[in-house]
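Single-structure report; data block below.
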Amino acid sequence: MSLATPSDYSLARDLCSYGYFLLEPNLWDPKSGVYSTTLNIEGLAVTVRVRQGEAIGAPLVVRADCVLGASQRRHVREQLVRVLRLDEHAATIAEFHGIDPRFASTGRGRLMRSATLFEDVLKTVTSCNVTWPSTLNMNRRLCAVFGTRSASGAYSFPTAAKLARARPTTLRARCSVGYRDVRMVGLARIFAAAERGKRSELDLARLVDSGTPDQAVFDALIELPGIGPYAAANILQLLGRYSRLPLDTESIRHGKTVLGFKGSPAQIMKKVNAHYEPFGAHKFRSYWFELWSHYEQKRGPSWMWERETTGKTFTAALLD
DNA sequence: GGTAGACCTGGACGC
DNA sequence: GCGTCCAGGTCTACC
């Protein structure tokens, strides 16, 4: 199938814009410029290969590894639109560049995310209190153990319903998630209940409703098991809300080495937060693409990173 | 409201 | 090859 893109869209740039593009089930091949992933489509695992022609704004060509019906094709389309941020129009990105012109020349503005909100939440939990290689490992194991296998042998990310039935001890033993086991199964149960439309601690419709204030979404997220201030702010940006910063040790490193701030870690965090305040609703984009530019100075353009080589090397200490 | 300590895994390092 | 140390957010208990 063919997917229309915004007029300023670049698959290589806009996919390779956030670390999750290095996590399974995602795979970007720098040599061929093909993005592949395995989606869960109504219980069927479908591996898709996505490529774009040479021109910016050219449509995407999507090939699946099996024959799909009309409803399945619609779901593939919806999930790819979410992952690739095809719903963020050129005008929105131009608005960001009006506020922060530093990224107008590269066109940076879109942030890649996962096929579902549940996957974004779980990926965020796998990135808390671990170094990046462990995050890579947890996502690989989660897909291999609890994902669904496609015709071409790849695995999708587990659904909330599947993980909700898992034993925490199995997650710990087979996916190396450590003490996150109970929290992850707890999250899966909450999401599975919400997806079934049952009474749940989580109102999914309210989370994705653009009319809901950021503070209300943050308050709802922070009530979830395993979700603290950092994770909630990160999920907020994955929901397309850029007014808050997920502050972590990377923020402190960036504050010290790039922005030249001095003081205790807590003081530096406050300074970093205040530094990006002028960017308002686009605060996170300015922060993130500044950080991302720093990574690219150290490691080369992100669309040249490979999951199994460059992708494994990201730790704060190595980026100082 | 602020903070100390426990929670796990995997990599680095010393022996 | 083994033991020790360290990085990394969240959560609970306590002041």
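Naming convention: chains lettered A, B, ... in sequence-line order (proteins, then strands); numbering from 1 in each chain. The structure presented is a predicted model; accordingly, all values stated were derived computationally and were not measured.
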Which pairs, protein N/O on one side and nucleotides 11-15 of chain C N/O on the other, fall under 3.5 Å?
from, atom 1, to, atom 2, distance (Å)
C/dC11, OP1, A/G226, N, 2.5
C/dC11, OP1, A/I227, N, 3.4
C/dC11, OP2, A/I227, O, 3.3

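Across all strands, A/D181 comes closer than 4.0 Å to no nucleic acid atom at all (heavy-atom distances).
Atom NZ of A/K162 has more than 12 heavy atoms from other residues, nucleotides or ligands within 6.0 Å. Counted within 6.0 Å of CZ on A/R63, heavy atoms from surrounding residues, nucleotides or ligands total 12 or fewer; the atom is thus considered open.
The aromatic rings of A/Y18 and A/W288 lie tilted to each other, with the angle between the two planes from 30° to 60°. Ring orientation note: the planes of A/W292 and A/W305 are tilted relative to one another, at an angle of 30° to 60°. Ring geometry for A/F191 versus A/F118: interplanar angle of 30 to 60°, hence tilted.
Ring centers of A/F96 and A/H282: under 6.0 Å apart, within the cut-off.
Dashed line: the shortest gap from a side-chain N or O of A/N137 to OP1 or OP2 of B/dG10 is under 4.0 Å.
For DNA chain B, the residues of residues 166-179 of chain A within the heavy-atom distance limit of 4.0 Å (strictly under) are A/R172, A/S176, A/G178, A/Y179, sorted by number.
In this entry the distance linking CE of A/M138 with C1' of B/dG10 reads 10 Å, nearest Å.
Side-chain contact, A/T135 with A/T126: no donor N or O sits under 3.5 Å from an acceptor N or O.
Figure legend: cation-pi geometry between A/R244 and A/F218, with NZ or CZ positioned under 6.0 Å from the six-membered ring centre and within 45° of its axis.
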